There are 2 protein chains.
Amino acid sequence: MRFETSTIKDIAKALGLSTSTVSRALRDRYEISEETKKLVLAYAEKVNYRANPIARSLKERRSYSIGIIVSEIANNFFSQVINGIESIAYDKDYHVIISQSHESYKQEKLNVDHLASRSIDGLLIALSSETQDIDYLRDLYAKGLPIVFFDRVPEDFETHKVIANNFKGSFDATEHLILSGKRTIAHLTNSENLSITKERLEGYKAALVKYHIEFRPELVKYCQHGGMHSAELEQAVKELLPLKPDGIFISSDRLTTGCIMALKKTNPEVAHKIAIAGFTNSNLVELFSPSLTSVKQPAFEMGQVATELLISMIEAKRPVTEFETKVLDTELVKKR
Amino acid sequence: MRFETSTIKDIAKALGLSTSTVSRALRDRYEISEETKKLVLAYAEKVNYRANPIARSLKERRSYSIGIIVSEIANNFFSQVINGIESIAYDKDYHVIISQSHESYKQEKLNVDHLASRSIDGLLIALSSETQDIDYLRDLYAKGLPIVFFDRVPEDFETHKVIANNFKGSFDATEHLILSGKRTIAHLTNSENLSITKERLEGYKAALVKYHIEFRPELVKYCQHGGMHSAELEQAVKELLPLKPDGIFISSDRLTTGCIMALKKTNPEVAHKIAIAGFTNSNLVELFSPSLTSVKQPAFEMGQVATELLISMIEAKRPVTEFETKVLDTELVKKR
DNA sequence: TTGTATGCGTTATCAC
DNA sequence: GTGATAACGCATACAA
């Protein structure tokens, strides 16, 4: 607070009380006479007193704020998750600080360090597609920082996690393509080391197995940058088309929109012939690709659940030892 | 910082120095012997010392963080602006705190108050479409909080502002429709009290005048919620179609995507016959509506410029008295 | 060049 | 029930 505001001291002086009395009245904590409490509250209201959270943070050694790390806020899925996070956090008087990793490990680490040093009380994080080494998170966790992972989670890290039922979502989407008569189904997906990539690949494979369709590795294309660079997608499309796929199952929001763009740009004549099913939370996309089937993730809910878990860790009297991995169901929205 | 960390005091004790010496060495501020400075820095590095920004904020009465208020982060334009803001802020060692108003005046005010009480050093804000009374901002400004408006700016507020050349962008877009042979051009736009709405309406009108086309108020539809609710857009489309427009000039990103969706949903048979030109920073949209022409705003740059202005205000020795309104050019991206 | 003392605004531990 | 006082971690005016 760089500019003038009234403090507890001001109120105390004005009312002829001590700062501790004022503090108690404001916090309604220790026993205090109704009378003086009312007096203080009334005066505080009058001068529009706002407690200085910086001072409070320093004293209490906590900040009432939680950090969020996502790869991109310009991603329908993540912005919906963030809305879910905010809905719970604000309700419980926590502030949120959003940071973007832009799918870069270096940036992710930088942001986390920054947040940690800025005294966040807990961290909600979806790993970047580059991230493989999470020792820096382990250190922070060991030092006492509560962490909850969502969507993109590590395997070997004992804490709460919230994910979608990626296996089932992928299975359903692939099955839908198969039931529509498709037989050569490609799979366009994220970086190989993301948890969601692995889980979704398994769901895709399982559907193929069920319908006795051979799994062909060359039909699977990985995009390291999650479709942020159009060149990456155009390259994938270019490699895929000679294999004559009649369907594509796509593993993320950005990839789905990006792939449709790449198809229309590089091969408009075949674009409409290929059925697409993809993880996407964007309403827009569905409309334009008539045969697009989307796997909707409960993004808002994922944000809510993750935040509730995090806050429970933050406010727990002693370290949590029982962890859970919440798995939320996806919804298949079929189009024509 | 809720968990263990080494402080200046720890370093001082370990090195047999005083806290002030350590502080000075770390901040490299007062004259201090090269020797002790090196000693301190080396040790600080060794124990991975991180200054507690909370304590620093309390002491210096500033937080090295700037607040951002936008209506929605899930808006291509705003997320690009935010990226621009971050690029400058991080470079100058400021942290950013993002809040969403969701086009609600109440939420906007709540967020601003929250940020202000959390000791932001400055505020970057694009007003919500509901906002009419900005006295609360005036109060904060009077108390010393530097504020820079971008995109959606108030008329009667003397401070730095950064906007796009909305008049010219709208003029160009409308003219483009006219030159394509359109004569009945509707205008779909935001809430009437937004600055961008007014400026864009003027550009639209000016283009009509130039080509001797009569301005018909019934062809202009305002959307209070900026296209966040699909019902709102469907209603607008429903009212517009009986007037048989052959072109629509749309005033924002969300409205453009939303309008195309509404058209395809409610009147797929005429959707492709209507030429659309709209303010949108989404690459996706262009692809799907073949005749869509977009007015691209320099969003990233807008974020950068606004942030530079804000930081200059924050770091100015005395109150700024000369204000500027930066006007950035838009770019018309024509399709076929 | 370095050390001592003070205060930022708040909460907590004592006394009274 | 209330008031003095210390402390959170840091920066700085002042003294040495």
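Here is how names work: the chains are called A, B, and so on, in the same order as the sequence lines, proteins then strands, and each is numbered from 1. Computation of the quantities below employed the complete heavy-atom set of this structure, encompassing side-chain atoms and omitting hydrogens, waters and symmetry-equivalent molecules. All values reported here derive from a predicted model rather than from experimental measurement.
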* Before accepting this row, confirm whether a basic side-chain N of the pair Glu130(B)/Lys109(B) lies closer than 4.0 Å to the acidic partner's carboxylate O. => no
* Of the nucleotides dC8(D), dT11(C), dC10(D), which one has an atom closest to the side chain of Arg61(A)? -> dC8(D)
* **Atom-to-atom span, CD of Glu35(B) to C1' of dT2(C) - whole angstrom** => 13 Å
* For Ser18(B) and for Lys59(B), locate the closest nucleotide of DNA chain C by heavy-atom distance; then report the residue assigned to the nucleotide nearer the 5' terminus. => Ser18(B)
* To do: Measure up the Tyr90(B) and His95(B) rings against each other and bin them: parallel (under 30°), tilted (30 to 60°), perpendicular (over 60°).
  => tilted
* What integer distance in Å separates Lys38(B):NZ from dT2(C):P? -> 14 Å
* To do: Measure the distance from CG on Leu15(B) to C1' on dG3(C) and round it to the nearest whole Å.
  => 15 Å
* Considering only dG3(D), dT5(D), dG9(C), which nucleotide approaches the side chain of Thr19(A) most closely? -> dT5(D)
* May I ask you to say what Ile8(B) touches in the nucleic acid, namely base, sugar-phosphate or nothing, with a heavy-atom cut-off under 4.0 Å? => sugar-phosphate
* To do: Measure the distance from CG on Leu58(B) to C1' on dT12(D) and round it to the nearest whole Å.
  => 14 Å
* Do the side chains of Arg50(A) and Asp113(B) get nearer than 4.5 Å, heavy atoms only? -> yes
* So what does Ser20(A) touch, heavy atoms closer than 4.0 Å: a base, only the sugar-phosphate, or nothing? -> base
* **Value in whole Å for how far the P atom of dT1(C) lies from CG of Leu39(B)** => 16 Å
* Selected nucleotide, minimal atom distance to Arg24(A) side chain, candidates dT2(D), dC8(C), dG3(C) -> dT2(D)
* Asked: How many Å lie between CG on Leu26(A) and P on dG9(C), as a whole number?
  -> 15 Å
* Asked: Nearest to the side chain of Ser23(B) - dT11(C), dA11(D), dC8(C)?
  -> dA11(D)
* To do: Starting at atom NZ of Lys9(B), determine the distance to atom P of dA6(D), rounded to an integer number of angstrom.
  => 14 Å
* Ignoring backbone atoms, test whether Tyr49(B) places a side-chain nitrogen or oxygen under 4.0 Å from the OP1 or OP2 oxygen of dC10(D). => yes
* Is it the case that Arg62(B) places NZ or CZ above or below the six-membered ring of Tyr64(B), under 6.0 angstrom from the centre and within 45 degrees of the axis? -> yes
* State, yes or no, whether a side-chain contact exists between Val70(A) and Asn75(A) at a heavy-atom distance under 4.5 Å. => no
* Asked: Roughly how many Å is it from CD in Glu60(A) to C1' in dT13(C), rounded to a whole number?
  -> 15 Å
* Asked: Just to confirm, is there a sub-4.0 Å distance from OP1 or OP2 of dT2(C) to any side-chain nitrogen or oxygen of Thr36(B)?
  -> yes
